[in-house]
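Accompanying notes for the structure given below.
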There are 2 protein chains.
Amino acid sequence: MIRIFNDFYTNKPKIVMNNGISLKELAAELNLAPSTVSRALNDSYEISEATKKKVISMAEKLNYQPNPFARSLRENKSKTIAVIIPERINYFFSQVIDGIEEITSEHGYHLLVYSTHEDVEKEKKILSLLQNGRADAIVMSVSSQTSDVSHLKRLHDRGLPILFFDRICSEIPTTKFITNDYESAFEGTKHLIQQGCKKIAFLMLSKELSITKERHRGYVDALKMSGMEPEPAFSLHCCHSDEDNTQLIWELLLSSNRPDGILSSVEKLALATYQAVKKTNLSIPDDLKIISFSNMSIAGLLNPSLTTITQPAETIGEECAKLLIKKLTKPRQPDLLNQVITIPSKITIRESTLVR
Amino acid sequence: MIRIFNDFYTNKPKIVMNNGISLKELAAELNLAPSTVSRALNDSYEISEATKKKVISMAEKLNYQPNPFARSLRENKSKTIAVIIPERINYFFSQVIDGIEEITSEHGYHLLVYSTHEDVEKEKKILSLLQNGRADAIVMSVSSQTSDVSHLKRLHDRGLPILFFDRICSEIPTTKFITNDYESAFEGTKHLIQQGCKKIAFLMLSKELSITKERHRGYVDALKMSGMEPEPAFSLHCCHSDEDNTQLIWELLLSSNRPDGILSSVEKLALATYQAVKKTNLSIPDDLKIISFSNMSIAGLLNPSLTTITQPAETIGEECAKLLIKKLTKPRQPDLLNQVITIPSKITIRESTLVR
DNA sequence: GAAAATTTCGCAAACGTTTTCGTATTTAAA
DNA sequence: TTTAAATACGAAAACGTTTGCGAAATTTTC
């Protein structure tokens, strides 16, 4: 369907895409003022029930759809939330977004989703694009390259609600949702020790990340509690490339002083370990036991099945969204509190840490 | 930072969130008309180089960010593309979106991402929300429940560019990107036959889906070419729930006339099969061989590793995006052609179809 | 040196809403 | 019957852009 309008200046007919009827046209159809129609549709007390009825039925008949940009311009809010994650092909982040959408969609909010691909420059660019009010709030997990946080701080200083989860940014005074990183890493390491591991390595993405700091602290403390001394070479610093990581871990496994246990702080490094092990004649769990933070639903189908520390990803997403919705929809809400909310993970023991 | 404005009617100061400086304010700062500043920033030929310089430097100094909604309202375009997928926790769809974002972000487009969770009612709701121009185009893969397509047709009739991939909708005359579903299924089935399978089952989500139709056709033709007759009970119709699917497949595996080979038309059903097999005393590939459409990067790490038909997911996303960007940014583009573009998959043979 | 053409900029309309205020009409109170 | 209050609606401003047109100022042409 195509509609013809007369251009204001040229007065020549022009063809435009049919974005439906406008409030003004709807009002004309009803012989009412636009203001009245607007109020009627927004269920204002100033409008009689009779005209409300008429307006609503005509709006439905003509399939009136309010223009979101006119509304955003006027109201100075977009009904949109930006979600920024470091990678998209990731069970955890996908589940978190599912949780967020579950809540936000109920309240008519839309989700702009961006992936930084672990690249802080992309992250900066995305945040820069978000300066203009395109989104009413941001919920994000920082990239592994993020150490300078001025680009985050700027948005926060502008008054844009920003909320962190998983990989949080302690410098920004706002609410953050995480799992019990320290305790889970501590318990995971303890589990490896109980299974007889003597030389436990820790796999991490970047030393700057909140999750590696906390999880590493748990790892170190668990070692110390058992009288072990954390060996620096056993804290392996990996990167974004799966191939490079596999290579790094492979080299670690072939070193004369190779570990017999691994705590992987993120899922992808556990998978890289599996790939690396395939290239050796070592075997899991006999020669090497491994436990990993991971939200794979199919950890049980791996060869061997992987002992995991699973985050309540969907719940984390839901809680983020609930908080934001409250902040955005209720009147006179204070700024997001500077607090860290912890939701515990669950350890599932499988073959990869078995003693046999 | 907080800014104080005087309200027009009450003339009382009011506190607003700082969304930055406006074009008008920037113009005032420069002693220029807003129109001049606008043209200068848009590099119009009507503006002298000298003032362009001045305007640009002042804009940078004051960190001017154009309001996207004012622009969208005026231009009647949003610089936003909606992506609708049936599920988010899925390697294939995540990769496709990565491919889309790769291209669109370069052109300043934003991505609204929605998941239908395989629910056609959710799909309808999402498309209804997209009637008002919030997105300039839609790229989507339909839900497994989608058979009536009037909600898609309506948007297409309005002139909104809509583009399908993977699970396409033949009723809508527009461009679709798929993989060579028929040939891949044919080859996959042939591979099972070559590996000695005599009774091959076909796992599918919904009979309505384009991919099940095509893949099933390939499966049937491969059987027939080898003189086998497709058994109706071996075309197993599954659903969205992993638990239910595992149960269904488990029952199939325990039936007196159980299959010795499986072609799974989607990844999740292969995983459900693995789960089901774990609950039997059957073993893959000795008692049952399986090949599946799947974009899991870790198919090789499963127990046993899974023979896969892998779609060029990221390429599909990129091609979708390229086409849309062309349509949206070049002047006087025709409607999207009613065509199906096929990008072939790749079969990777692993242990799950091994003869030993 | 006058006319014509070009360069450079400003005015104001328009996009589609929401909301303040004014006002006519009806209802309630005195 | 007057007056006050309540009800129901309209006029117009405002959000922040872009752009057609008009019009000075300058440069070019003859």
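Note that this is a predicted model, so its numbers are computed, not measured. Each chain gets a letter, A, B and so on, in the order the sequences are listed, and its residues count up from 1.
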Exercise for the section: Mind checking B/S22 for me? I need base, sugar-phosphate or nothing, with any heavy atom below 4.0 Å counting as a touch. Expected result: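 The answer is sugar-phosphate, as B/S22 gets under 4.0 Å only of primed atoms, P, OP1 or OP2.
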Can you list, pair by pair, the side-chain donor-acceptor contacts under 3.5 Å of residues 45-53 of chain A, counting residues two or more places apart and other chains?
residue, atom, partner, partner atom, Å
A/S48, OG, A/T51, N, 3.3
A/S48, OG, A/T51, OG1, 3.0
A/T51, OG1, A/S48, O, 3.0
A/K52, NZ, A/D43, OD1, 3.0
A/K52, NZ, A/S44, O, 3.0

Provide, to the nearest angstrom, the distance between the [atom1] atom belonging to [X] and the [atom2] atom belonging to [N].
| X | N | atom1 | atom2 | result |
| --- | --- | --- | --- | --- |
| B/N42 | D/dG16 | CG | P | 17 Å |
| B/Y45 | C/dC9 | OH | P | 13 Å |
| B/D43 | D/dT18 | CG | C1' | 15 Å |
| B/K77 | D/dT19 | NZ | C1' | 13 Å |
| A/N76 | D/dG16 | CG | C1' | 10 Å |
| A/E46 | C/dT20 | CD | C1' | 10 Å |
| A/I47 | C/dT18 | CD1 | C1' | 13 Å |
| A/N67 | D/dC15 | CG | P | 18 Å |

Handout entry: Whichever of B/F69 and A/N31 has its nearest DNA chain D nucleotide further upstream toward 5'
Key =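 Of the two residues, A/N31 wins.
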Practice task
With DNA chain C as reference, determine whether B/T36 or A/S35 sits nearer its 5' end, using the nearest nucleotide of each.
Solution key: B/T36
Practice task
Identify, between A/Q65 and B/R74, the residue whose nearest nucleotide on DNA chain C lies closer to the 5' end.
Solution key: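 Counting from the 5' end, the first nearest nucleotide belongs to B/R74.
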Practice task
With sequence neighbours left out, write down each residue that passes side chain to side chain donor-acceptor pair (under 3.5 Å) with B/R88, or none if nothing qualifies.
Solution key: A/D98, A/E101
Mind checking side-chain contact (heavy atoms from CB on, under 4.5 Å) for [X] and listing every partner two or more places apart, or none if nothing turns up?
| X | value |
| --- | --- |
| B/S141 | B/P86, B/F93, B/F165, B/D166, B/R167 |
| B/T329 | B/Y109, B/I325 |
| A/K330 | A/K326, A/Q333 |

Problem - Presence of A/R71 side-chain N/O under 4.0 Å of C/dT18 phosphate oxygens OP1/OP2 - result: yes
Exercise for the section: Assign the ring pair A/Y114 / B/H110 to parallel, tilted or perpendicular, where the plane angle (0 to 90°) is split at 30° and 60°. Expected result: perpendicular
Exercise for the section: May I ask you to list the residues of residues 48-59 of chain B, by number, that have any heavy atom positioned under 4.0 Å from an atom of DNA chain C? Expected result: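 Residues of residues 48-59 of chain B under 4.0 Å from DNA chain C: B/S48, B/T51.
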Closest to the [X] side chain, choosing from [options]:
| X | options | value |
| --- | --- | --- |
| A/Y64 | D/dC15, C/dT17, C/dC21 | C/dT17 |
| A/L73 | D/dC21, D/dG16, D/dA11 | D/dG16 |
| A/A33 | C/dT18, D/dA11, D/dC21 | D/dA11 |

Exercise for the section: Could you tell me whether a side-chain N or O of A/Q145 sits under 3.5 Å from a main-chain N or O of A/V120, the two making a donor and an acceptor? Expected result: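 A pair under 3.5 Å: yes.
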